[in-house]
2 protein chains.
Amino acid sequence: MNIRQKPETLIPQSVTCGPLAGSRKIYAEPRANIRVPFREIVLEPSANEPPVRVYDASGPYTEDAPQIDLSQGLPRLRAAWYGTRDFESYHGRAVKPEDNGNVGEDRLVPPCPANVAPLRGKSGKPVTQYEFARAGIITEEMIYVAARENLGREKMLADAEAKLADGESFGADIPAFVTPEFVRAEIARGRAIIPANINHPELEPMIIGRNFLVKINANIGNSAVTSSVAEEVDKMVWSIRWGADTVMDLSTGRNIHNIRDWIIRNAPVPIGTVPIYQALEKVDGDPIKLTWEMFRDTLIEQAEQGVDYFTIHAGVRLAYVPLTARRTTGIVSRGGSIMARWCLSHHRESFLYEHFDEICDIMRAYDVSFSLGDGLRPGSIADANDRAQFAELETLGELTKIAWDKGCQVMIEGPGHVPMHKIKVNMEKQLEECGEAPFYTLGPLTTDIAPGYDHITSGIGAAMIGWFGCAMLCYVTPKEHLGLPDRDDVKTGVITYRIAAHAADLAKGHPAAQVRDDALSRARFDFRWQDQFNLSLDPETARAFHDETLPKEAHKVA
Amino acid sequence: MNIRQKPETLIPQSVTCGPLAGSRKIYAEPRANIRVPFREIVLEPSANEPPVRVYDASGPYTEDAPQIDLSQGLPRLRAAWYGTRDFESYHGRAVKPEDNGNVGEDRLVPPCPANVAPLRGKSGKPVTQYEFARAGIITEEMIYVAARENLGREKMLADAEAKLADGESFGADIPAFVTPEFVRAEIARGRAIIPANINHPELEPMIIGRNFLVKINANIGNSAVTSSVAEEVDKMVWSIRWGADTVMDLSTGRNIHNIRDWIIRNAPVPIGTVPIYQALEKVDGDPIKLTWEMFRDTLIEQAEQGVDYFTIHAGVRLAYVPLTARRTTGIVSRGGSIMARWCLSHHRESFLYEHFDEICDIMRAYDVSFSLGDGLRPGSIADANDRAQFAELETLGELTKIAWDKGCQVMIEGPGHVPMHKIKVNMEKQLEECGEAPFYTLGPLTTDIAPGYDHITSGIGAAMIGWFGCAMLCYVTPKEHLGLPDRDDVKTGVITYRIAAHAADLAKGHPAAQVRDDALSRARFDFRWQDQFNLSLDPETARAFHDETLPKEAHKVA
């Protein structure tokens, strides 16, 4: 555990690369300088069917022969779009020793060489996707996500209305075909966000909203005990390989600023963080010592690095903390308990709530999206849908409107542990309180009795709330409540949540969702085993399971 | 594969035994000669809480020091209840070589020595639980399941109405407390069954119905290539260890009659079969050669052995077969395709449909319950809820009434592959068409794109349909569509379905369901790790996952 390493060996050298079995990466170009990635699964000639096009969040890592140099970072593809946008480049905040947990020089992970001077927006000029949308301007990001969301819908317009009519979307407004103008209008209404910090030009834009494909998030984070920066970067690449649409970096401890550098410079997906975690590190883990000034400084630190969305627990108000006193499991959100501790100790209103306007100003300047945290989410079936939870949700609704007024993009975090029959009201209340801002839930877990299988207890709830209208589902791995997920756990969590998201898309009547199910079902009926494997969410596992009992090649063709 | 074994080595010697970690077996005695098993999870002294009582389908195998002799079979506990029942013992049908697949003497698994002469009911005297219930008679089986269903409800009557009011059961009629009279009334209405062949006296009775705890079934079955009888018996014991309420033996090939002997004599849970599978073996796998006479003979063969429920695909009528012609995946039920093949080849109505009265007479004589098979269930999202499926369901409704008139217990099998938004109508239509007879579904799988993870795609659907009113959920393992499940797959399938069933019980507002969630949540909040492990569905996995990252004992107490 305490082996001393030189910084050189702390530099990540490689990550998991190469295409998924049976797939090839393609790019569509709806306009010059806009190359939208897809994955195509090529079928056996006997199928006499075109390749199946699927959404692909995995970035250049799954190209045929990817040229990856982690020190260079990914191509800065959005930089070409900034030409007409009035951003200023400036000399950013100097990195302080406490940003990296005061790690000694000999163990300091070096910053990623791909870093450049940060950009920020100016006041009075649109910076955020929300501001552009409100101004009636269609950005390149909007064009990008429109093309990305359509998949093969161009070819299936005839069917689209029938599919939509066959689904049940609970009042969502899914279009037969996604146009850039539709994207703009949804963002302008606050019903969707494109998390895209202007300092994250490596990003392949994606959209989160009820009228688009349901997205999933994977959490990664170092262990103080065992992780290296190389492992952290690979965790990100690994989780998007299997289908994570965004990644939250929940690292704590030493080197976290510099590890975040490496992750963001190499991330084609939006990266989210919980800045209060790092702020707490800077005050030696004592919530009472937190101040607005150092929290503010941490926001700027991370915004300059390019973090795309921040979880901000501004809804944990002093008056709500006593509402949790009689709960079975109190406050289980880490951010929630930090803020509750601060409020109670100082007997003061939360500084996040009191300084919310200023937080908006900072986040707007970089287009960091809000993920308004549910610090009072229920941590057990017993506590689901209680007054503490819903009081906070009402405050999140109030804050949503303030953030919109300030020009920011907003989504709302949700629970947690909720039995099946209490899930729908969560979605309905969120839509109502928060003006249809996108909902982003953790599960929810539909029972508490299965530690070790909480990807499943929560996958059930996630599929349902996704169907009801939740825009993004935060994964839960088998290790939830028990320990740190390893590579296999991350993969299992991602695949489980891809299932949940896809099941939700199907149920909502998403026009292009069933294409893949149908192709796989035909392959199954025809005993085209290779196609069945390749069309599945996890070709490797499907093939391995098949080969355990029927290993011979002949069994895959007859 | 082709190693020659002597029959002696084909005799099973041992199975998985011993209590689950942290649990002890207890028996409640609501009346003399009726000992109802439960499992109690003892908590740490610091919890200052009574043990948590949970439902236990695992039989004597999980006692502290079980005395298991597979050649003796389990104790014939129901035999003591037969005193006043007017059954006749008779010289049963002689076992024929084709019953065991004409296996050679040197490879013949011997019959289980615990076999005794079969019993059968007489006409005019009640035999089935349905007939007793209709006659106003409360059987020992009804007393048994009433005690079994209550769990700790005696102590929580004050809370029961509140729990029920807090749930959403979609018109079910769950009582605050289960009395033997309530059980009788539910069976008399056809809304519940106790699958309990009079020739299976080793059975610990259990009930399947919408107003009781949701049950799960595990399928086992030999592989022609690799399985031994010892493995098959252990698969049964293994699946009930983790929570399977019934087990279907889907074995084919050599020795299947004698393997079934061993399984039933040692099974404390109801055993279901699909007799058409064995009938097909007897005609060398050619569906066209099937006849009513040999099918009838197979029914008697299996009824005498003690099979508790038969899947009978009598709803696959000649006229419905063409309705499947334009499907994406045709007929995927094995029994369905056998019968469709027979009907088309002979261009005749199904012999199962035509001889349904006689089938009822046979099944009544032994109290074998019907599981009316859904031979036309959809095998893909594309085919869900189509006319073929629903036409068959309507016929199953017609057959249900005939079976009731004949005195038989009936449940109805359901799909299959169904997207989330089309699940509820399946439940509603089943209740309506089949007079509220219990529904027993396979999943349903909510998407087709995740072979290797179909326990999850189907666990989502299973939880939902269980909530909507499905009485029993047939598990799906990770190997579904790919290969034969091994021990780990069986366990994963069972645990996943226990999650689904429990999530459904919680959502329905079952008065005692949340006791375990609450106890586990309190343990979690108090960092009582051992209690958290022991209260979980799979203590071994929970403990192992925890120990992977935090192996020290100190980490389990603080």
Side-chain angles (χ1 to χ4, degrees), chain A residues 167-168 223 328-330 379-382 419-421 446-453 455-457 459-460 463-464 467 478-479 481-484 486 495-496 498-500 502-504 506-509 514 516-518 520-522 524-525 532-533 535-538 541-542 545-546 548-550, chain B residues 167-168 223 328-330 379-382 419-421 446-453 455-457 459-460 463-464 467 478-479 481-484 486 495-496 498-500 502-504 506-509 514 516-518 520-522 524-525 532-533 535-538 541-542 545-546 548-550:
Chain A
E168 166 57 81
S223 154
T328 297
T329 46
S380 57
I381 295 296
M420 282 192 285
H421 64 304
T446 54
T447 165
D448 301 332
I449 68 168
Y453 298 81
H455 58 305
I456 299 176
T457 67
I460 294 166
M464 291 175 68
W467 175 27
K479 291 277 170 62
H481 299 118
L482 297 170
L484 290 169
D486 62 19
I495 299 282
T496 302
R498 280 260 64 93
I499 289 169
H502 186 75
L506 280 178
K508 288 166 80 174
Q514 203 181 309
R516 189 170 177 182
D517 296 77
D518 291 350
L520 195 147
S521 294
R522 284 190 297 268
R524 183 171 280 158
F525 195 64
Q532 195 180 152
F533 304 150
L535 285 162
S536 71
L537 287 177
D538 179 2
T541 296
F545 280 3
H546 179 270
E548 267 179 42
T549 34
L550 298 168
Chain B
E168 166 58 79
S223 155
T328 298
T329 46
S380 57
I381 294 296
M420 283 192 285
H421 66 302
T446 53
T447 166
D448 303 330
I449 68 168
Y453 299 79
H455 59 305
I456 300 178
T457 66
I460 294 166
M464 292 176 68
W467 174 27
K479 292 277 169 61
H481 298 117
L482 297 169
L484 289 170
D486 62 19
I495 299 281
T496 301
R498 281 258 64 92
I499 290 169
H502 186 74
L506 280 178
K508 288 166 80 175
Q514 203 182 308
R516 189 171 177 179
D517 295 76
D518 292 350
L520 196 147
S521 294
R522 285 189 297 269
R524 184 171 277 158
F525 195 63
Q532 195 180 152
F533 303 150
L535 285 162
S536 71
L537 286 178
D538 179 1
T541 297
F545 280 4
H546 179 270
E548 267 180 43
T549 35
L550 299 167

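Lettering of chains follows the sequences in order, A, B, ..., and the numbering in each one begins at 1.
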Work out which heavy atom in [X] is nearest to a heavy atom in [Y]; give both atom names and the distance.
{"X": "B/Asp486", "Y": "A/Glu548", "result": "OD2-OE1, 3.9 Å"}
{"X": "A/Asp518", "Y": "B/Thr328", "result": "O-CG2, 4.3 Å"}
{"X": "A/Ala450", "Y": "B/Leu537", "result": "CB-CD1, 4.1 Å"}
{"X": "A/Arg516", "Y": "B/Ile449", "result": "CG-CG2, 3.7 Å"}
{"X": "B/Ala507", "Y": "A/Met420", "result": "CB-CB, 3.8 Å"}
{"X": "B/Ser521", "Y": "A/Thr329", "result": "O-CG2, 3.5 Å"}

Between [X] and chain A, with a heavy-atom cut-off of 4.5 Å, which part of the residue counts as in contact: side chain, backbone, both or neither?
{"X": "B/Glu168", "value": "both"}
{"X": "B/Arg498", "value": "neither"}
{"X": "B/Leu506", "value": "both"}

Is [X] close to chain B through its backbone or its side chain, or both, or neither, when contacts mean heavy atoms under 4.5 Å?
{"X": "A/His455", "value": "side chain"}
{"X": "A/Leu535", "value": "backbone"}
{"X": "A/Leu520", "value": "side chain"}

Q.
So which residue, B/Pro419, B/Pro451, B/Ala503, ends up with the most heavy-atom pairs under 4.5 Å with chain A?
A. B/Pro451

Q.
If we define contacts as heavy-atom pairs under 4.5 Å, which of B/Ala500, B/Ala504, B/Gly509, B/Ala463 has the most with chain A?
A.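 So the answer, after comparing B/Ala500, B/Ala504, B/Gly509, B/Ala463, is B/Ala463.
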
Q) Side chains of A/Arg524 and B/Ser380: does their closest heavy-atom pair fall under 4.5 Å? A)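 Counting from C-beta outward, A/Arg524 and B/Ser380 never come under 4.5 Å.
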
Q. Can you find a heavy atom in the side chain of A/Ile499 that is under 4.5 Å from one in the side chain of B/Tyr453?
A. yes

(Q) So which residue, A/Thr446, A/Ile495, A/Thr496, A/Thr457, ends up with the most heavy-atom pairs under 4.5 Å with chain B? (A) A/Ile495

(Q) Using a 4.5 angstrom heavy-atom cutoff, name the option from A/Lys508, A/Gln532, A/Arg522, A/Met464 with the most pairs to chain B. (A)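 Counting heavy-atom pairs under 4.5 Å, the top option is A/Met464.
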
Q | B/Gln514 CD to A/Asp448 CG distance, which is reported to the nearest 0.5 Å | A | 8.0 Å

